[in-house]
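Residue numbers begin at 1 in each chain, while the letters A, B, ... track the order of the sequences.
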There are 2 protein chains.
Amino acid sequence: MGRPRNFDVDKALLAAINVFWEKGYDGASMKDLTEEMGINSPSLYSVFGDKKSLYIQAIKRYVASDTCPPLDAFNEEEDITKAVRAFLETSLEHATQQSIGRKGCFMSNCVSTTTASVEESQVLLLEAIVLADKKIAQRFDKEKAKGALPETFPSFERAKLMFDLRQGYVLRARAGIRKDEMERDLDYRVSIILSL
Amino acid sequence: MGRPRNFDVDKALLAAINVFWEKGYDGASMKDLTEEMGINSPSLYSVFGDKKSLYIQAIKRYVASDTCPPLDAFNEEEDITKAVRAFLETSLEHATQQSIGRKGCFMSNCVSTTTASVEESQVLLLEAIVLADKKIAQRFDKEKAKGALPETFPSFERAKLMFDLRQGYVLRARAGIRKDEMERDLDYRVSIILSL
DNA sequence: GCTATTTTTTATCAATTGTTATAAAATAAT
DNA sequence: ATTATTTTATAACAATTGATAAAAAATAGC
């Protein structure tokens with residue numbers, strides 16, 4: 001009973017992700033957040049608590065959505081060489097997209113900057129990295145079982161290698177390096193990740 | 001003539017770097033800055049201009065100092081294998097050091113987060129990356145001339161590869177992954193960077 | 001010892017920060 | 001229709017934000 005809520009809690013949370021992603025935790029003001037979420041501050045505070053609490057919920061919501069475009073592209077491609085290429089290519093696309101906000105990855109672009117100031121954010125980032133490593137390694141293992149990769153292929157090491165190369169792309173994109181320039185050594189990196 | 005300045009401008013600027021490094025551009029308040037720089041705000045504003053101007057000068061000062069510990073370790077080591085190892089090892093050390101502030105790299109930890117909001121910061125970050133790539137590649141070229149690396153060794157691609165792997169370490173360190181855990185595949189990465 | 005000049009100090013500015021009372025509005029149960 | 005309950009809207013809170021005005025203090029030249 002009582003007056004019904006006239007906004008979608010989940011939609012508001014998704015909007016909050018975008019604000020934090022674009023402006024960072026410190027850079028995002030409550031005014032920015034309430035405007036983008038389409039609610040006023042008392043509603044925000046009653047549903048999400050204070051700024052820090054909202055931020056943590058935003059991270060958890062992002063992680064729960066479990067949609068990392070490069071990882072999805074990696075898993076959707078059947079051929080392992082094409083899959084690795086798709087991972088790097090999709091990483092580049094998202095890192096260099098000009099549209100404001102949602103640049104690169106929410107976890108590495110935003111959450112990584114708050115691990116010192118917002119306690120809970122560190123373990124959430126850690127879990128996301130560990131999960132990504134594991135998913136990539138599992139795919140490599142599957143290829144080994146298929147015979148597409150040799151038994152000696154070090155899945156876990158290569159998984160971490162591929163993941164870490166993405167972080168380099170993200171930094172370079174932020175520095176303004178264009179996608180087509182970074183694409184030039186993309187195939188070369190694919191061959192390194194899969195080298196025997 | 002006039003009343004003499006009772007603080008060292010350069011020392012104050014170096015202190016400002018530390019504040020931005022530790023707290024980020026948005027997270028660093030003028031109060032934080034004046035306290036750490038040991039001056040009061042009118043002095044700050046008269047010498048450095050506003051916050052954005054101080055920030056740009058801090059970045060330029062950091063770049064001018066030209067001291068990137070991993071890069072220095074890389075160049076000081078004679079043997080190329082040991083040099084690559086030293087680069088990664090030093091990257092890990094600085095990324096994981098527990099002392100507050102000066103974690104990882106000022107450029108990638110702080111400046112990379114302001115490329116959208118502080119216009120001038122982007123090109124400064126770009127120049128730093130381009131310079132680092134070049135320095136690493138030049139060292140590889142020297143090893144090729146010495147015969148320590150084959151003529152076919154792709155210096156520039158490997159330089160960028162090594163540089164980008166560091167970004168992965170920085171992210172992982174922020175997530176709380178320990179140095180000794182990341183050290184486990186350090187030698188493996190050295191062999192990949194130098195593989196023929 | 002003045003004067004001119006520059007810096008420091010102290011105090012304060014308006015604006016924005018995150019946050020919360022208070023009261024109006026909208027529903028369900030009685 | 002009234003009551004109880006919950007959410008909305010409006011307004012305001014104290015604190016902090018980045019930034020200055022005004023006055024005191026310290027030097028060099030005359």
Side-chain angles (χ1 to χ4, degrees), chain A residues 1-59 61 110-111 113-114 116-121, chain B residues 1-59 61 110-111 113-114 116-121:
Chain A
M1 61 172 104
R3 180 171 176 170
R5 186 165 286 138
N6 71 354
F7 67 94
D8 186 325
V9 171
D10 192 59
K11 269 192 172 270
L13 195 53
L14 291 174
I17 294 174
N18 289 336
V19 177
F20 285 127
W21 196 336
E22 181 182 348
K23 310 207 168 189
Y25 178 73
D26 286 317
S29 71
M30 296 307 287
K31 194 183 167 219
D32 294 330
L33 289 161
T34 53
E35 280 177 3
E36 193 68 23
M37 296 166 81
I39 60 180
N40 34 34
S41 49
S43 295
L44 193 160
Y45 277 85
S46 76
V47 173
F48 299 107
D50 64 8
K51 187 183 182 183
K52 201 168 281 194
S53 168
L54 169 65
Y55 180 59
I56 294 297
Q57 290 173 68
I59 300 174
R61 177 63 180 83
C110 172
V111 180
T113 68
T114 62
S117 55
V118 184
E119 208 181 352
E120 272 193 87
S121 67
Chain B
M1 64 174 106
R3 178 168 179 172
R5 186 164 287 138
N6 72 357
F7 67 93
D8 185 327
V9 172
D10 193 58
K11 270 193 171 270
L13 195 52
L14 291 174
I17 294 175
N18 288 338
V19 178
F20 284 127
W21 195 336
E22 180 181 349
K23 309 206 169 189
Y25 178 73
D26 286 316
S29 71
M30 297 306 287
K31 195 184 168 219
D32 294 330
L33 288 162
T34 54
E35 280 178 2
E36 193 68 21
M37 296 166 80
I39 60 179
N40 35 34
S41 47
S43 296
L44 192 159
Y45 278 86
S46 77
V47 174
F48 299 106
D50 64 7
K51 187 182 181 183
K52 203 170 280 192
S53 169
L54 169 66
Y55 180 58
I56 294 298
Q57 290 172 69
I59 300 175
R61 178 65 182 82
C110 171
V111 181
T113 68
T114 62
S117 55
V118 183
E119 210 182 349
E120 273 192 85
S121 67

Under 4.0 Å from OP1 or OP2 of dA19(D): is there any side-chain N or O of Tyr45(B) that close?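 So the side-chain polar atoms of Tyr45(B) do come within 4.0 Å of the phosphate oxygens OP1 or OP2 of dA19(D), strictly under.
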
Atom pair CE (Met37(A)) and CE (Met30(A)), whose distance is rounded to the nearest 0.5 Å: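 Going from CE on Met37(A) over to CE on Met30(A), the span is 8.0 Å.
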
Can you tell me how far the CG atom of Leu14(A) sits from the CD atom of Glu36(A), to the nearest 0.5 Å?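 Rounded to the nearest 0.5 Å, the CG-CD separation comes out at 11.5 Å.
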
Report yes or no: do Asp50(B) and Ser53(B) form a side-chain donor-acceptor pair below 3.5 Å?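 No, no side-chain donor-acceptor pair sits under 3.5 Å.
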
Minimum heavy-atom distance Ser43(A)-Ser46(A), with the two atoms named: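 Smallest interatomic distance, heavy atoms only, reads O-OG, 3.0 Å.
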
Return the minimal non-hydrogen interatomic distance between Ala12(B) and Phe7(B), and the atom names on each side.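 Closest heavy-atom pair between Ala12(B) and Phe7(B): CB-CD1, 4.1 Å.
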
Within residues 48-56 of chain A: residues closer than 4.0 Å to DNA chain C (heavy atoms):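 Nucleic-acid contacts, sorted: Asp50(A), Lys51(A).
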
For Thr113(B), give me all partners under side chain to side chain contact (heavy atoms under 4.5 Å, CB included), at least two apart in sequence or on another chain.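 Result, side chain to side chain contact (heavy atoms under 4.5 Å, CB included) vs Thr113(B): Thr113(A), Arg174(A).
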
Are side-chain heavy atoms of [X] and [Y] found at a separation under 4.5 Å?
| X | Y | value |
| --- | --- | --- |
| Val47(B) | Arg5(B) | yes |
| Leu54(A) | Leu13(A) | yes |
| Phe20(B) | Asn18(B) | no |

Within residues 10-31 of chain B, which residues have any heavy atom lying less than 4.0 Å from an atom of DNA chain D?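 Output list: Ala28(B), Ser29(B), Met30(B).
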
Between Asp8(A) (side chain only) and Asp10(A) (backbone N and O only), is there a donor and an acceptor less than 3.5 Å apart?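 At least one qualifying donor-acceptor pair exists.
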
Would you kindly give the CG-to-P distance between Asp8(A) and dT7(D), to the nearest whole Å?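 Taking CG of Asp8(A) and P of dT7(D), I get 15 Å after rounding.
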
Could you check how far CD of Glu35(A) sits from C1' of dT16(C), rounded to whole Å?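 After rounding, the reported distance stands at 13 Å.
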
Could you write out each protein N or O paired with an N or O of nucleotides 8-10 of chain D at a distance under 3.5 Å?
| from | atom 1 | to | atom 2 | distance (Å) |
| --- | --- | --- | --- | --- |
| dT8(D) | OP1 | Asn6(A) | N | 3.0 |
| dT8(D) | OP1 | Asn6(A) | OD1 | 3.0 |
| dT8(D) | OP2 | Ser43(A) | OG | 2.9 |
| dA9(D) | OP2 | Asn40(A) | ND2 | 2.9 |

Check the pair Tyr55(B) / Thr114(B) against side-chain hydrogen bond (donor to acceptor under 3.5 Å, both in side chains), numbers first and verdict last. CA-CA 10 Å; Tyr55(B) 180 58; Thr114(B) 62; 2.8 Å; yes

Lys/Arg cation over aromatic Tyr25(A): Lys51(A), 6.0 Å, 45° cone: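 Satisfied, under 6.0 Å and within 45°.
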
What pairs meet the salt bridge (Lys or Arg N to Asp or Glu O under 4.0 Å) rule with one or both residues in residues 15-30 of chain A, with sequence neighbours excluded?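 Listed once each, the pairs are Lys23(A)-Asp32(A).
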
Are any protein N/O atoms closer than 3.5 Å to N/O atoms in nucleotides 12-15 of chain C? If there are, list each pair with its distance.
none

